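Note that the structure is a prediction, hence the values are computed from the model and not measured.
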Amino acid sequence: MTSRRDGDVGPRPGSASSRFGEDLRRVLETELLKGPCTSIEIARLFSMHHRTMSRHLAHEGITFQQLVDEIRFALARDLLANADMALDQISVVLRYSEPSAFTRAFRRWAGQSPSAWRASHARSRKVSKKRAVPRPR
């Protein structure tokens, strides 16, 4: 008979811990767009103490701040690639204190500036002009 500690190294797909991480990511995606959020506020949404949430995240090998950065980076990439927003507007949406803070964070995550990333990853925005097709008589 083996104990749980001997056999389990990390969360299994479908386990409660991995479901918690997925749920937390979904909540953070919406909460980050609503306003600034702390680990205490997010833990309260899950009806748990923030230290309990930190333990769950530690079990998955990530911290709350790493998760927030991961979500912010994903949102930033999406906004840069799919929206015609200026960088200062994106920094406001992602709750950065100033555009330079957003640029520094993005450069740390992607290894290049947001404008350089946008230039190399933006989807083509060709405006197709519809021609009027004459109707048969």
Side-chain angles (χ1 to χ4, degrees):
M1 187 171 198
T2 62
S3 70
R4 181 172 162 84
R5 286 181 294 166
D6 295 336
D8 285 344
V9 176
R12 284 181 257 151
S15 71
S17 182
S18 66
R19 283 193 305 269
F20 173 73
E22 292 167 13
D23 291 344
L24 185 56
R25 281 175 174 79
R26 279 193 296 275
V27 167
L28 276 172
E29 285 175 2
T30 57
E31 293 300 316
L32 282 172
L33 294 174
K34 287 181 184 178
C37 56
T38 65
S39 62
I40 294 170
E41 293 166 347
I42 298 300
R44 190 174 299 133
L45 292 174
F46 284 90
S47 299
M48 66 175 61
H49 194 274
H50 69 96
R51 290 182 185 158
T52 303
M53 183 178 72
S54 293
R55 280 192 300 275
H56 283 291
L57 290 173
H59 188 261
E60 293 187 23
I62 194 166
T63 66
F64 181 77
Q65 190 57 52
Q66 289 171 328
L67 191 57
V68 167
D69 287 345
E70 177 185 308
I71 300 300
R72 275 181 154 178
F73 183 44
L75 291 170
R77 287 188 316 243
D78 188 50
L79 290 170
L80 287 167
N82 300 316
D84 290 326
M85 295 173 71
L87 294 180
D88 59 338
Q89 291 174 320
I90 293 174
S91 70
V92 169
V93 168
L94 296 177
R95 309 290 182 212
Y96 281 93
S97 59
E98 55 189 41
S100 62
F102 166 63
T103 300
R104 282 191 307 274
F106 194 89
R107 191 179 303 269
R108 186 177 66 244
W109 299 326
Q112 60 184 344
S113 69
S115 54
W117 190 94
R118 175 181 265 171
S120 64
H121 290 84
R123 63 185 170 111
S124 63
R125 294 187 177 109
K126 295 179 183 175
V127 179
S128 61
K129 296 181 180 180
K130 295 181 181 179
R131 294 187 298 180
V133 178
R135 291 185 182 181
R137 295 183 189 185

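Distance check, rounded to the nearest 0.5 Å: CG of Leu28 to CG of Leu45 gives 9.5 Å. Once rounded to the nearest 0.5 Å, the distance linking CD of Glu70 with CD of Glu29 reads 9.5 Å. Taken from CZ in Phe64 to CG in Asp69, the straight-line distance is 10.0 Å, to the nearest 0.5 Å. Between Cys37 atom SG and Leu32 atom CG the span is 4.0 Å, to the nearest 0.5 Å.
When every heavy atom of Ser91 is checked against every heavy atom of Pro99, the shortest pair comes out as OG-CA, 3.6 Å. For Val27 against Thr30, the heavy-atom pair with the smallest separation is O-OG1, 2.9 Å.
Between Glu22 and Arg25 there is no salt bridge, since none of the side-chain N atoms of the basic residue sits less than 4.0 Å from a carboxylate O of the acidic one.
Applying the side-chain contact (heavy atoms from CB on, under 4.5 Å) test between Phe106 and each of Leu80, Leu87, Ile90 identifies Leu80 as the sole match.
Glu60 contributes no side-chain N or O that, together with a main-chain N or O of Leu57, makes up a donor-acceptor pair within less than 3.5 Å.
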Under 3.5 Å, which donor-acceptor pairs link side chains of residues 48-55 to any protein atom two or more places apart or in another chain?
from  : atom 1 : to    : atom 2 : distance (Å)
His49 : ND1    : Arg51 : N      : 3.0
Thr52 : OG1    : Arg55 : NH2    : 3.1
Ser54 : OG     : His50 : O      : 3.0

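No side-chain heavy atom of His59 sits less than 4.5 Å from a side-chain heavy atom of His56. In this structure, the side chains of Ile71 and Leu75 come closer than 4.5 Å at one or more pairs of heavy atoms.
The side-chain contact (heavy atoms from CB on, under 4.5 Å) search around Gln112 returns Ala110, Ala116, Trp117, Ser120, His121, not counting sequence neighbours.
Residue pairs that meet the salt bridge (Lys or Arg N to Asp or Glu O under 4.0 Å) test with at least one member in residues 87-114, sequence neighbours left out, do not exist here.
Seen from the ring of Phe46, Arg44 does not count as a face-on cation partner, given the 6.0 Å and 45° thresholds.
With hydrophobic clusters built from ILVMFWY side chains whose heavy atoms lie under 4.5 angstrom apart, Phe73 shares a cluster with Met85. Criterion: ILVMFWY side-chain heavy atoms under 4.5 Å apart, direct or through other members. Under it, Val68 and Leu33 are part of a common hydrophobic cluster.
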Query raised in the report: Could you go step by step and tell me if Tyr96 and Arg72 meet the side-chain contact (heavy atoms from CB on, under 4.5 Å) rule?
Result: CA-CA 10 Å; Tyr96 281 93; Arg72 275 181 154 178; 3.4 Å; yes
